[in-house]
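First comes the structure, then the notes that go with it.
What you see is a predicted model; the values in this text were computed from it and never measured. As a basis for the values below, the full set of heavy atoms in this structure was taken, side chains included, without hydrogen atoms, waters or symmetry mates. Proteins get letters first, then strands, A, B, ... in listed order; numbering begins at 1 in each.
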Number of protein chains: 2
Amino acid sequence: MSLSHILLGFLREPASGYDLKRTFERSVRHFWSAELSQIYPTLKRMEAEGWLSSTTEPSARGPDRRVYATTPAGCAELERWLAGGPSLGTERFAYLAQLFFMDALDDPAVTLDFMRALRDRLAVWRAELEAIEAEIERRAPGFPDQLPDRVFNQHATLRMGLHTLSARLAWCDETIDRLNRRMAGRASVRETAGAVKEA
Amino acid sequence: MSLSHILLGFLREPASGYDLKRTFERSVRHFWSAELSQIYPTLKRMEAEGWLSSTTEPSARGPDRRVYATTPAGCAELERWLAGGPSLGTERFAYLAQLFFMDALDDPAVTLDFMRALRDRLAVWRAELEAIEAEIERRAPGFPDQLPDRVFNQHATLRMGLHTLSARLAWCDETIDRLNRRMAGRASVRETAGAVKEA
DNA sequence: ACGCGCATGTAAGAAGTTACATGATTTC
DNA sequence: GAAATCATGTAACTTCTTACATGCGCGT
């Protein structure tokens, strides 16, 4: 399971399940997400496995917090995962599946709307990542060559998000262009056919 | 579930579970995959739902085939899914998670190896997609403007694969470059420090 | 009094993977 | 005779989502 390894990565500094959820939102949102209802049982299982230990401590406001920390076994497992080479999982893009079958609706205008809606949503997402990158560049000393390894790697994952989102936006534009040309071509064919009929 | 909608898309022409598995490998591999052990029970459930009907027919070679076809309800469900706008799911990239925590290994050379291994695997993948695109361009009449809608849309999904893989490869190169510069910088810092010590 | 943020979880189910079981026919 | 391809599935398990349950303390 990758989620447990990601949790191991974050737990190099002790944290509660609730903390980890916020950390997810803040830092790895663009390539991973997890619900609290998945995080809590996973932490429990990892403790049973011997990768984590936990202590209960009172909270400043609200109920007691269960704070987890990695054990040496957990640390070893993290290193094993990292040293195992890149793990490329199966990628699934539901919107590509939709486009793939879009001819069933038999209306190129709907496809065009679909692509425009997709482009808009991807553009919003890219703007979010750009804002995060600007924030890093502003705050990090010695950007980009003198960053500490940790920040360098984290920034690199953000760069991949920006590269791929730009590529997808370019693809949206390319596809929208081609759709427009196709539709223009058909309109003129229809007109010509109409003119022939009338003559 | 998206899998059932993808099956509905393919089942505009009747097919068996086994056929569908091969169709997946041939045509949507680059953005979706499914095992037979997932396809079979899903087809059964879809039939119970009223989206599909099935008939058993003898096979030319091997056991009887259960051939499915969409019902009007299934067709309506497909159209509902397609008309619902692009569904962007959560994307998960385990290799980005690995990179994000790679500083735990405390060795930039390992990160460099990791990025090079990733680049090589993505390059192989892109070459595969390029071969498929070349095949389409070779065989399809009137490429690219006069393609029928179905082929146009299918080709568009392939284009997205090519765009994003190129972007990821560019990102790999960018990151590898930056890592090299960082390592060179540190080596010279170490040398200078050594020289000072010796003096 | 009410809602929000903090903090913990459980339960049920959907989605997906891996391993196994079975048996025919065809190709080497 | 062995291996590959055709063809159907089940079982056990992992992973992830959605909905629900509980309760404290703070601000308005």
Length of the line joining A/L3:CG and D/dC16:C1', which is rounded to integer Å: 9 Å

Check: B/E133/B/H155 side-chain N/O donor and acceptor closer than 3.5 Å: yes

5' priority, DNA chain D, between B/Y40 and A/S33 [closest heavy atom]: B/Y40

Presence of A/R65 side-chain N/O under 4.0 Å of C/dA7 phosphate oxygens OP1/OP2: yes

Whole angstrom value for the distance that separates C1' of C/dA14 from CD1 of B/I39: 17 Å

Under 3.5 Å donor-acceptor pair, A/T42 side-chain atoms to D/dT15 base atoms: no

Sugar-phosphate only, base, or nothing, as touched by A/S16 at under 4.0 Å among non-hydrogen atoms: sugar-phosphate

Distance in Å, A/L129 CG paired with A/H30 NE2, rounded so as to fall on 0.5 Å steps: 6.5 Å

For atom CG of B/L20 and atom C1' of D/dA7, their distance in whole Å: 13 Å

Distance below 4.0 Å between A/Q38 side-chain N/O and D/dC16 OP1 or OP2: yes

Rounded distance in Å - CH2 (A/W32) to C1' (D/dC16): 10 Å

Side-chain N,O (B/R92) to OP1/OP2 (C/dG16) below 4.0 Å: no

Parallel, tilted or perpendicular, as decided by the 30° and 60° cut-offs, for the rings of B/F101 and A/F10: perpendicular

5′-ward residue of the pair B/K44/B/R22 relative to DNA chain D: B/R22

Spacing of B/R178 atom CZ and A/L147 atom CG [to the nearest 0.5 Å]: 9.0 Å

